[in-house]
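These values consider heavy atoms only, across backbone and side chains, with no hydrogens, waters or symmetry-generated copies.
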Amino acid sequence: MNSVALEHKPNVQSTPVAKRLSLEQGERWFVARVHPNRENSAQFNLDQLGFRSFAPRVSRTVRHARKEHTVLAPLFPGYIFLILDLSRDRWRAVNSTIGVASLIMGAEKPMPVPRGVVEGLLVAENSGIVRLAADLEIGQTLRILSGPFADALCRLVHLDDNGRVRVLLELMGTEVPAQLDRSRVAPAA
């Protein structure tokens with residue numbers, strides 16, 4: 001364990017999650033690739049080294065042997081977000097952390113996540129679960145953003161936790177059911 005990386009360790013127990021994950025002067029969000037199914041251990045080990053990390057999770061229904069149960073699954077399997085100040089933090093220590101494969105790199109330094117991406121996920125998070133369809137309601141009129149039916153209006157009939165929506169699309173005087181990715185629809189203005 002690198003003892004130098006422990007110098008800037010925040011007191012995680014006494015700070016709320018939102019404050020713990022807010023950016024300070026010079027800090028940015030970065031992405032680390034983790035070993036398969038090791039998001040939890042990577043996050044634990046990064047936190048032990050004093051890095052502030054975020055692994056967004058969604059609620060998923062798993063079906064096995066005619067039984068269903070709900071589990072917390074990573075929104076981005078194999079990846080974890082962490083806050084770094086490249087001029088202050090010993091960011092190379094992240095690559096040798098147990099559970100972490102490597103930081104996502106640019107030319108010679110880690111590549112920052114575009115501003116607003118992680119912040120949007122944090123806003124959509126409630127009790128440790130990211131709610132992707134928080135702005136949509138059943139029966140709401142939506143506009144399809146891309147694909148062969150771009151700009152067509154449809155009515156939302158179902159949301160699922162896998163980022164898919166089921167809509168009724170009006171074609172030739174009848175409503176046709178369609179299933180789309182959540183990112184392909186937006187509330188109609």
Could you walk me through whether V113 and I104 pass side-chain contact (heavy atoms from CB on, under 4.5 Å), step by step? CA-CA 10 Å; V113 175; I104 303 298; over 6 Å; no
V94 and F30: side-chain contact (heavy atoms from CB on, under 4.5 Å), yes or no, with the steps? CA-CA 11 Å; V94 172; F30 294 87; over 6 Å; no
Worked verdict on V100 versus N45 for side-chain contact (heavy atoms from CB on, under 4.5 Å): CA-CA 9 Å; V100 175; N45 290 320; over 6 Å; no
Before giving the answer on side-chain contact (heavy atoms from CB on, under 4.5 Å), spell out for F81 and F76 the whole-Å C-alpha distance, their side-chain angles and the decisive distance to 0.1 Å. CA-CA 10 Å; F81 297 102; F76 304 106; 3.8 Å; yes
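The nearest pair of heavy atoms linking S22 to R52 is O-NH1, 3.1 Å. The heavy-atom pair separating I83 from L21 by the smallest distance is CD1-O, 3.7 Å. Pairing each heavy atom of V34 with each of A42, the nearest pair is CG1-CB, 3.6 Å.
Annotation: the span from Q25 atom CD to D85 atom CG amounts to 9.0 Å, rounded to 0.5 Å. How far OG1 of T97 is from CG of L46: 5.0 Å, rounded to the nearest 0.5 Å. Rounding to the nearest 0.5 Å places OG of S102 at 13.0 Å from CZ of R92.
Contact annotation: the side chain of H158 never approaches that of R164 to less than 4.5 Å [non-hydrogen atoms, C-beta and beyond].
Under the ring pair (Phe, Tyr, Trp, His ring centres under 6.0 Å) criterion, F44 pairs with no residue at all, not counting sequence neighbours. In this structure, F54 has no ring pair (Phe, Tyr, Trp, His ring centres under 6.0 Å) partners at least two apart in sequence or on a different chain.
Just one residue in the list L168, I144, V165 forms a side-chain contact (heavy atoms from CB on, under 4.5 Å) with C154, and that residue is I144.
If you chain together hydrophobic residues whose side chains sit under 4.5 Å apart, L23 and M111 never meet in one group.
Pairs engaging residues 30-40 under the side chain to side chain donor-acceptor pair (under 3.5 Å) rule: R38-S41, N40-R57 [sequence neighbours left out].
Between E175 and R155 there is a salt bridge, since at least one side-chain N of the basic residue sits less than 4.0 Å from a carboxylate O of the acidic one.
Not a single donor-acceptor pair under 3.5 Å links the side chain of T174 to the backbone N or O of E170.
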